[in-house]
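Below is one structure, written out as structure tokens; comments come after it.
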Amino acid sequence: MTVPAETSVVVAAAEGDALTSLDAQLAGGRRLRDGAFRVALILSVVLALVTLFTLLIDTFLQGRPRLNSDLLTNMPSARPARAGIQSAIFGSLWCVGLAASVSLPLGVGTAVYLEEFAPKGRWYIRLIELNIQNLAGVPSVVFGIVGLAFIARGPLGWGFTVGSGAMILTFLVLPIVVISSREAIRAVPPSYRDGSLALGATRWQTVWHQVLPSSVPGIATGSILSVSRALGESAPLLLLGALAFVTFNPDGLDSGYTVLPLLIFKYASDAKSEFHVLAAAAIIVLLVMLLALNTAAILIRNRFQKRR
Amino acid sequence: MAGALTVAPSTDGAPNLLPTEGLRRRLQIEKAIQGALFLCALVSVVVTAAIVISLVKPAAEFFAEIPVGEFFTSTTWAPLFKPAQFGVWPLITGTLLVMGIAVLVAVPAGLGAAFYLSEYARPRTRAVLKPVLEILAGIPTVVFGFFALYFVNPQIIQRFWPLGEVGAFSALAAGLVVGIMILPTMASLAEDAMAAVPGTLRDGALALGATRREVCTKVIFPAALSGIAAATVLAFSRAIGETTIVLLAAGSNPRFTLDPGQGVQTMSSFIGFAGIGDQPTGSTGYKTIFAVGALLFGITLVLNVISVRIVRRFREAYE
């Protein structure tokens with residue numbers, strides 16, 4: 001691309017023409033701006049990379065002194081030397097497990113309906129679609145308000161329990177599951193459906209035997225993404241009593257609870273600096289759990305892709 | 001379907017075209033499943049309705065107790081103290097401050113990263129960078145909050161901020177880290193928009209002697225503008241809604257200030273803060289959560305609708 005500019009430099013040198021030397025200057029300025037632009041782009045990427053690695057390394061260095069099995073087996077305590085995160089790990093597993101097992105069928109069902117059964121163009125279908133799009137953009141703390149008004153208190157009156165925490169996480173991740181599942185279902189070639197229908201299968205048989213099996217990798221990836229989101233979510237649960245001091249593991253839906261992100265929040269905002277070390281160690285545990293989930297997502301995707 | 005199959009009632013030896021018992025049951029199951037799937041789709045509508053209902057009623061009650069005039073003219077926000085004061089301006093300036101800083105980081109850097117990934121990076125570099133950005137996008141906000149409070153603020157802001165002393169909390173630390181949190185989303189949405197620009201436009205510009213920068217700024221950028229604009233609006237919306245990072249890094253002291261070196265409270269971090277303090281149902285403090293929540297929900301809803309509209313209306317159709 002810079003070839004014509006260089007040629008004009010040669011011409012300018014040969015003829016000493018004022019006009020072409022101006023041209024050469026312009027070309028030089030252009031090259032400078034090209035270089036500056038490239039550097040700016042690389043800096044943007046570097047900003048993201050440096051932040052990520054600084055965050056990981058700094059957290060690891062801060063949390064390392066408390067990174068041992070006592071951290072996992074001890075209960076939260078007001079004395080930093082004895083405090084651990086056991087009840088928060090179990091609380092997170094309960095809440096996220098419940099939220100996943102409800103939101104996945106519900107979300108995939110919605111996606112199947114919208115892609116395979118819904119009469120296109122009807123006003124109520126457009127309403128549902130628009131509604132899901134907007135729901136995905138609602139700040140998570142607003143879900144906490146709804147949980148407070150409708151689930152913990154108000155009509156359901158479930159209190160600050162595992163059940164109400166799980167329910168609000170379900171609603172929070174539902175739009176993500178729907179949107180990613182719809183994409184996965186849309187990617188199934190129409191010929192699969194046509195072939196199945198032409199052989200006399202009903203629409204549901206087509207969905208169950210052809211469409212869903214071929215979209216499993218996409219649906220699984222999206223679902224695990226939404227489970228990771230639920231696992232790391234903290235803002236809505238602030239309003240649902242998960243910041244409480246809990247020294248027992250949940251034993252059912254009506255049990256009091258805390259979750260890992262909120263215990264991290266609690267330890268991080270404590271005045272004693274020993275708790276900050278504990279918070280950093282708990283963050284490492286949380287990140288390892290998220291890493292395990294994402295590895296599982298990649299494995300599932302690869303395995304299903306190989307089979308086809 | 002069922003109607004079409006009941007063609008001819010069979011009498012003596014003629015072939016029986018009536019649906020068999022099995023097929024009839026099959027079709028009933030089919031209908032039931034379709035109904036169940038429709039109910040699944042309705043759940044999300046019910047959730048939205050619940051959001052609106054739960055916000056509107058207590059918010060209306062709040063404004064029945066607190067004159068709208070005081071809400072929008074007073075500059076002191078202390079709803080949970082006695083005597084309570086309800087001037088919302090400190091929350092608005094706090095929100096603007098954190099949102100402004102975050103967007104100043106996320107939009108240019110996100111756009112830069114998108115240009116780099118889409119137009120400059122080699123396939124192998126891309127294959128490494130994309131997952132790294134995805135990891136950054138998957139970091140929980142409480143982790144970002146911890147990082148802002150115990151690394152960015154003491155190690156960077158307190159050392160290098162030239163305009164005055166910075167305390168343990170600052171809007172700057174919160175805003176910067178919220179910006180980094182949004183960056184990957186901004187980059188990936190902008191990159192999607194750039195990838196949708198047909199290669200022929202790129203090749204044509206290069207063939208006419210444009211440099212890669214000129215292709216980026218004069219061809220790709222205008223062609224992908226709708227997607228980039230939608231991503232930018234979404235970045236604003238996410239910056240306004242972020243709670244945990246702000247609560248940890250900017251503290252919980254509502255100040256009427258635009259000085260980024262000070263701790264502030266935003267609308268969302270107020271909701272989180274007030275939610276921790278377990279307000280008794282029906283108290284004015286409890287209703288305040290809903291009034292601010294309604295304001296927050298309204299603003300983000302408008303932003304999301306704008307974002308969807310931009311994509312729909314200004315999308316360049318090339319095929």
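Labels below follow one simple rule: chain letters A, B, ... track the order of the sequence lines, proteins then strands, and each chain is numbered from 1. Values reported hereafter were calculated over all heavy atoms of this structure, with side chains retained and with hydrogens, waters and symmetry mates removed.
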For Leu55(A), the option from Phe144(B), Phe151(B), Phe146(B) that meets side chain to side chain contact (heavy atoms under 4.5 Å, CB included): Phe144(B)

Worked check of side-chain contact (heavy atoms from CB on, under 4.5 Å) between Leu296(B) and Val141(A): CA-CA 10 Å; Leu296(B) 183 66; Val141(A) 73; 3.7 Å; yes

Proximity breakdown for [X] and chain B, heavy-atom pairs closer than 4.5 Å:
{"X": "Ile145(A)", "result": "both"}
{"X": "Ala280(A)", "result": "both"}
{"X": "Glu116(A)", "result": "neither"}
{"X": "Leu43(A)", "result": "neither"}
{"X": "Ala40(A)", "result": "neither"}
{"X": "Ser228(A)", "result": "neither"}
{"X": "Asp58(A)", "result": "side chain"}
{"X": "Leu243(A)", "result": "side chain"}
{"X": "Leu286(A)", "result": "side chain"}

What closest approach, in Å, do [X] and [Y] show between heavy atoms, and which atom pair accounts for it?
{"X": "Gly112(B)", "Y": "Ser44(A)", "answer": "CA-OG, 3.5 Å"}
{"X": "Leu47(A)", "Y": "Ala109(B)", "answer": "CD2-CB, 3.9 Å"}
{"X": "Gly137(A)", "Y": "Thr300(B)", "answer": "O-CB, 4.4 Å"}
{"X": "Thr54(A)", "Y": "Phe147(B)", "answer": "C-CE1, 4.0 Å"}
{"X": "Gly272(B)", "Y": "Leu238(A)", "answer": "CA-CD1, 3.9 Å"}

Under the 3.5 angstrom rule, does the side chain of [X] hit a backbone N or O of [Y] as a donor-acceptor pair?
{"X": "Thr211(B)", "Y": "Asp34(A)", "result": "no"}
{"X": "Glu30(B)", "Y": "Trp204(A)", "result": "yes"}
{"X": "Asn131(A)", "Y": "Ser44(B)", "result": "yes"}

Nearest 0.5 Å, what's the [atom1]-[atom2] distance between [X] and [Y]?
{"X": "Leu247(B)", "Y": "Ser269(A)", "atom1": "CG", "atom2": "OG", "result": "8.0 Å"}
{"X": "Tyr286(B)", "Y": "Arg153(A)", "atom1": "OH", "atom2": "CZ", "result": "5.0 Å"}
{"X": "Thr48(B)", "Y": "Phe171(A)", "atom1": "OG1", "atom2": "CZ", "result": "10.5 Å"}
{"X": "Leu148(A)", "Y": "Ser54(B)", "atom1": "CG", "atom2": "OG", "result": "9.0 Å"}
{"X": "Ile180(B)", "Y": "Thr51(A)", "atom1": "CD1", "atom2": "OG1", "result": "3.5 Å"}
{"X": "Leu52(A)", "Y": "Leu183(B)", "atom1": "CG", "atom2": "CG", "result": "11.5 Å"}

Would a 4.5 Å heavy-atom cut-off, applied to side chains only, mark [X] and [Y] as touching?
{"X": "Phe150(A)", "Y": "Ile53(B)", "value": "yes"}
{"X": "Ile42(A)", "Y": "Tyr120(B)", "value": "no"}
{"X": "Leu239(A)", "Y": "Ile289(B)", "value": "yes"}
{"X": "Phe37(A)", "Y": "Arg212(B)", "value": "no"}
{"X": "Val43(B)", "Y": "Thr110(A)", "value": "no"}
{"X": "Leu114(A)", "Y": "Leu37(B)", "value": "no"}
{"X": "Phe265(A)", "Y": "Ile276(B)", "value": "yes"}

Stepwise side-chain contact (heavy atoms from CB on, under 4.5 Å) test for Val305(B) and Leu130(A): CA-CA 9 Å; Val305(B) 170; Leu130(A) 202 68; over 6 Å; no

Chi angles and distances behind the side-chain contact (heavy atoms from CB on, under 4.5 Å) call for Arg33(A), Arg213(B): CA-CA 8 Å; Arg33(A) 268 177 289 159; Arg213(B) 168 183 60 86; 3.7 Å; yes

Go through [options] and name the one with the most non-hydrogen pairs under 4.5 angstrom from chain B.
{"options": "Gly232(A), Ala235(A), Ala268(A)", "value": "Ala268(A)"}
{"options": "Leu291(A), Val178(A), Val142(A)", "value": "Val142(A)"}
{"options": "Arg38(A), Arg229(A), Glu233(A), Gln205(A)", "value": "Gln205(A)"}

Phe273(B), CZ: over 12 other non-hydrogen atoms inside 6.0 angstrom: no

Measure distances from [X] to the heavy atoms of chain A and classify the residue's part below 4.5 Å as side chain, backbone, both or neither.
{"X": "Leu208(B)", "value": "neither"}
{"X": "Arg238(B)", "value": "neither"}
{"X": "Ser269(B)", "value": "neither"}

Residue among Gly275(B), Ala41(B), Pro58(B) with most heavy-atom pairs under 4.5 Å to chain A: Ala41(B)

Leading residue by heavy atom contact count with chain A [cutoff under 4.5 Å; candidates Leu248(B), Leu149(B), Leu303(B)]: Leu248(B)

Working for side-chain contact (heavy atoms from CB on, under 4.5 Å), residues Gln133(A) and Val308(B): CA-CA 8 Å; Gln133(A) 250 171 344; Val308(B) 172; 4.0 Å; yes

Side-chain donor-acceptor pairs under 3.5 Å in residues 131-142 of chain B, sequence neighbours left out?
none

